[in-house]
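Have a look at the structure below, then the notes.
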Amino acid sequence: MLRADDTIGPPDLARMRRERYGRLQDQLAAQGLDALLLLGGSNVEYATGARVPACDAGRAAMFRTVALVRANDPFPHLFAAYPEGVPEELPADHVHPPLWPEIDAGPIGKLIRGRVGLDEYTGAMWAAVSGVEVVDASTVMGRVKITKTVDELRCIRMAQHLNELAMTDVQPMARPGVRSAELTGRLLRRVLELGATGNAIDPIWQVMPARIGEGPWTVHGDVAFPTAPRDRILRDGDIIWVDTGVLYNGYASDFGRTWLVGLPPKPTSRQADQFARWRAVVDAVLAVVKPGATGGDLTRAAIAALPGGHRKPWLDHFYLIHGVGTDSAEMPLIGTDIGPAFDDSIVLAPGMVLVIEPVIWDDGDGGYRSEDIVAVTDDGWVALSDYSYEPFA
Amino acid sequence: MTGTRGLWTAGTRPFGPGAVVERASGDVHLLSVWDEGVPADIPHSHLYGLSWNPATLAARVAAVPGVTPEAVIGVDAMSPLWASLLPGRLVDASGLMWAARRIKSDEEVVRIREACAIAEAGLSAVVERTRRPGLSRGELMGAFDERIAALGVTTPSRDVVRAEVGDVVQLDAGVVRDGYEGGLGRTLGAHGDGSRWQVAMSRVVDACRPRATGADLVAAWTSMGEALPPPSLPLAHGLGRGVEPPVIGASGLGGGEVLEPGIVLAVQGQVGSYFGRETVLIGPDGPDGPELLTRFPHSGVIS
């Protein structure tokens, strides 16, 4: 049961950890696994609630917190690179010094036996782990993560809220002559002051070309986005596609908007029309979001929302919709190159989170892209994002 | 390996076949949808696009010349799913990669040095902020991120506030700039512990010389009577494109590692409530010894 009001309010983090762990144990039993060995940061966070500071990938890979979930064990075992982040309920005999799986896989090999779900091998583990039946942990993690508990939804809502609050300070800065890194500096400062627990992605303020051919070359001929940020000076008339994500207790926000640079920023009639079409696509999708609808229902609604002759209203290398949780983009992925049969196999259920990100592109006049987030409820959906579309509406 | 500028995301990344280098030709093939940030010596024909279908992406990798069912293919990481999709005999090549990355070129040292300078600038902003009492952890972290961004760097390597105990604030400042990490740690309000830390750390830094072992560094630290930091805080680790081997610490970790000129180490420790970290370049044999790449003061602003 999930009502819209359930997603509002502070999360109960202890309850959240308990419920997530219960789901994992259910899946271990259902899939006949003796244990789960997890090395990926978002998986470990999900399974244990261990707090790990947001850090660079090259640091995170070496200073790994590793989780071992044994079937029927009331608590996970944690090999903690950050002892200060260990959840209070873990018994002392389940908390261990860190392993160094990038360097020496010997100790890890001794932990597992039987049939084990594993998310990834380090190189050292690839050479060392033998004598166990290893299956990909994504069959467990994908299933438990795809619908969220009430507290997970509250964390996502809070992450998004903090991100949006900070953006009310950042957006007025996006004026001619300002460097994009200054926007990043203000955003990061504000989200941390407001209580975000970290930053998930180098904030993107990508200045979009009018034509695809004026941008980077792409393998598929579609728009290049998001490319790695470069510090550049914003100029009058720039169209910038904004994409950022911050963390709140392990859960990511996803802020996507199109901004214009000007004094004041003012959309052309063509740009206003692009926004109207984007809005029409989102409205058409939302009109069919409810439990039991399929991903295919949503992609068909999106395509039908535009009069004939328009391209598929999302980027070729992405999707119309993705989920968000302990990863910035996770299941459900709808509209990917996996194809329509896969979309049709996704059946919406209460607790799923949908980040809807259509793209309207008119080659020669650039395009409009924003992202809105909803959670599927018992009878429809509830919005988790709430930021203005200025200067378009 | 490829010199590509990628999008920075926090935390560990799941395995995917990001690049393929073919031994016979030396050609590099890269997973990238576009050529933005891709060095000019990787032609468009050598870019393969993203797919959300692992089988599709695996087929693109299998189309790279040299990737055959008979090939021996070194990998730096793997997942059970990908292990079932990729052709060839997959062997661990992480040791090969770590070995290639171990000794820094002059150009790499320049980047690490500049990253250290940016981290120091960010640390200055935090120290300025702490002169106003009552600021939250988030406000201190925000001051760091805003200052480094003003200098054009938007990727801190970790949270700058390591711990807060009463009036003591442990700071661990680091940034990634042009792909390379540099940084340092200092503690505010630890009083007398700081000078003891300096004495012990100066012994360790001085021991960072060619042919010294990990065990020698540990002995240098404990020779002053200081306890080794807990296993989660290695006394030293390599620094380059993030944290790299050697990792040296308690319980014999990395005790047999042998230092060579060109290795860059983060050297860190805690005495009482004082935590600090330096970035050190192992120099050639000779009287000059190691070079400290971090220069932020311990006295004056830091007590």
Side-chain angles (χ1 to χ4, degrees), chain A residues 40-42 53-64 80-84 97-98 100 103 118-124 126-127 134-136 138 181-182 184-186 188-190 192-193 195 198-203 216-220 224 226-229 231 317 333 336-338, chain B residues 5-15 33-37 44 47-53 56 75-81 90-95 136 138-139 141-143 145-150 152 154-155 157-159 163 176 181 230-232 237 241-245 247 253:
Chain A
S42 64
C55 58
D56 175 61
R59 175 166 286 266
M62 189 67 80
F63 286 85
R64 281 183 196 267
Y82 300 92
E84 64 276 16
W100 302 94
I103 300 173
L118 171 69
D119 55 354
E120 57 188 284
Y121 296 93
T122 63
W126 179 242
V134 174
V135 301
D136 202 287
S138 60
E182 294 178 66
T184 296
R186 179 66 60 89
L188 296 185
R189 193 190 98 198
R190 283 301 291 152
L192 292 168
E193 287 174 351
N199 179 42
I201 184 170
D202 191 4
W217 177 89
T218 57
V219 295
H220 53 27
T227 58
D231 188 12
H317 54 278
L333 303 174
T336 65
D337 70 330
I338 306 176
Chain B
R5 284 177 75 248
L7 176 61
W8 183 96
T9 55
T12 59
R13 298 180 182 200
F15 173 78
V33 180
W34 41 74
D35 63 359
E36 164 75 13
H44 290 166
L47 301 183
Y48 54 96
L50 178 70
S51 173
W52 298 92
N53 186 344
T56 305
V75 294
D76 60 348
M78 190 44 58
S79 75
L81 173 66
L90 306 176
V91 299
D92 171 28
S94 60
S136 72
E139 284 169 311
M141 294 197 296
D145 289 357
E146 189 172 52
R147 176 67 63 87
I148 65 169
T154 54
T155 49
S157 61
R158 57 153 292 153
D159 294 346
V176 176
E181 180 174 345
S232 57
H237 62 73
R241 298 187 68 87
V243 178
E244 303 176 350
V247 180
L253 181 67

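Each chain gets a letter, A, B and so on, in the order the sequences are listed, and its residues count up from 1. This is a predicted model, so every value here is computed, not measured. Excluded from the calculations below are hydrogen atoms, water molecules and symmetry mates; all remaining heavy atoms, backbone and side chain alike, are included.
- For B:Asp35 (side chain) and A:Trp217 (main-chain N/O), a donor-acceptor pair under 3.5 Å exists by modelled atom type.
- At a 4.5 Å heavy-atom cutoff, the contact between A:Thr227 and chain B is made by backbone and side-chain atoms alike.
- Of the two parts of B:Ile148, neither the backbone nor the side chain holds a non-hydrogen atom closer than 4.5 Å to a non-hydrogen atom of chain A.
- A donor-acceptor contact shorter than 3.5 Å links the side chain of B:Arg5 to the backbone of A:Pro229.
- Note that the CZ atom of A:Arg189 and the CE atom of B:Met141 stand 13.5 Å from one another [nearest 0.5 Å].
- Distance alone, capped at 3.5 Å, places no donor-acceptor pair between the B:Thr154 side chain and the A:Thr184 backbone.
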Side chain to side chain contact (heavy atoms under 4.5 Å, CB included) evaluation trace for B:Asn53 with A:Thr336: CA-CA 8 Å; B:Asn53 186 344; A:Thr336 65; over 6 Å; no
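- The shortest distance between side-chain heavy atoms of A:Trp100 and B:His237 does not fall below 4.5 Å.
- Heavy-atom pairs under 4.5 Å with chain B were tallied for A:Asp337, A:Asp119, A:Ile338, A:Leu188; the largest tally goes to A:Asp337.
- Taking every heavy atom of both residues into account, B:Leu50 and A:His317 meet most closely at CD2-O, 3.7 Å.
- By number of non-hydrogen pairs under 4.5 angstrom with chain B, the leading residue of A:Ala61, A:Ala124, A:Ser138, A:Pro203 is A:Ala124.
- Using a 4.5 Å cut-off between heavy atoms, B:Val176 contacts chain A through its side chain alone, with no backbone atom that close.
- Heavy atoms of A:Ala57 lying under 4.5 Å from chain B belong to its backbone as well as its side chain.
- With a 4.5 Å cut-off on non-hydrogen atoms, B:Arg241 touches chain A through its backbone but not through its side chain.
- Scored by the salt bridge (charged side-chain N to carboxylate O under 4.0 Å, His left out) test, A:Arg64 finds A:Glu102, A:Glu120 as partners (sequence neighbours excluded).
- Contacts of B:Thr155 with chain A are made by side-chain atoms alone, with heavy-atom separations under 4.5 Å and no backbone atom involved.
- With chain B as partner, the option from A:Cys55, A:Ala60, A:Pro97 having the largest number of non-hydrogen pairs under 4.5 angstrom is A:Cys55.
- Within the 4.5 Å cutoff, no side-chain heavy atoms of B:Glu139 are placed close to those of A:Leu192.
- For B:Trp8, the side-chain hydrogen bond (donor to acceptor under 3.5 Å, both in side chains) test picks out A:Asp56, with sequence neighbours left out.
- Proximity to chain A (any heavy atom under 4.5 Å) is restricted, for B:Glu181, to the side chain, taken from C-beta onward.
- Of all the heavy atoms in A:Arg59 and B:Ser157, the pair that sits closest is CD-O, 3.5 Å.
- The distance from the CG atom of B:Asp145 to the CD atom of A:Glu193 is 10.5 Å, given to the nearest 0.5 Å.
- Of the listed residues (A:Leu333, A:Leu118, A:Thr218, A:Asp202), the one with the most heavy-atom contacts under 4.5 Å to chain B is A:Asp202.
- The minimum heavy-atom distance between A:Gly123 and B:Asp92, with the atom names listed, is O-CG, 3.0 Å.
- With chain B as partner, the option from A:Ile103, A:Val219, A:Asp231 having the largest number of non-hydrogen pairs under 4.5 angstrom is A:Val219.
- Closest heavy-atom contact between A:Ala181 and B:Gly152: CB-CA, 4.3 Å.
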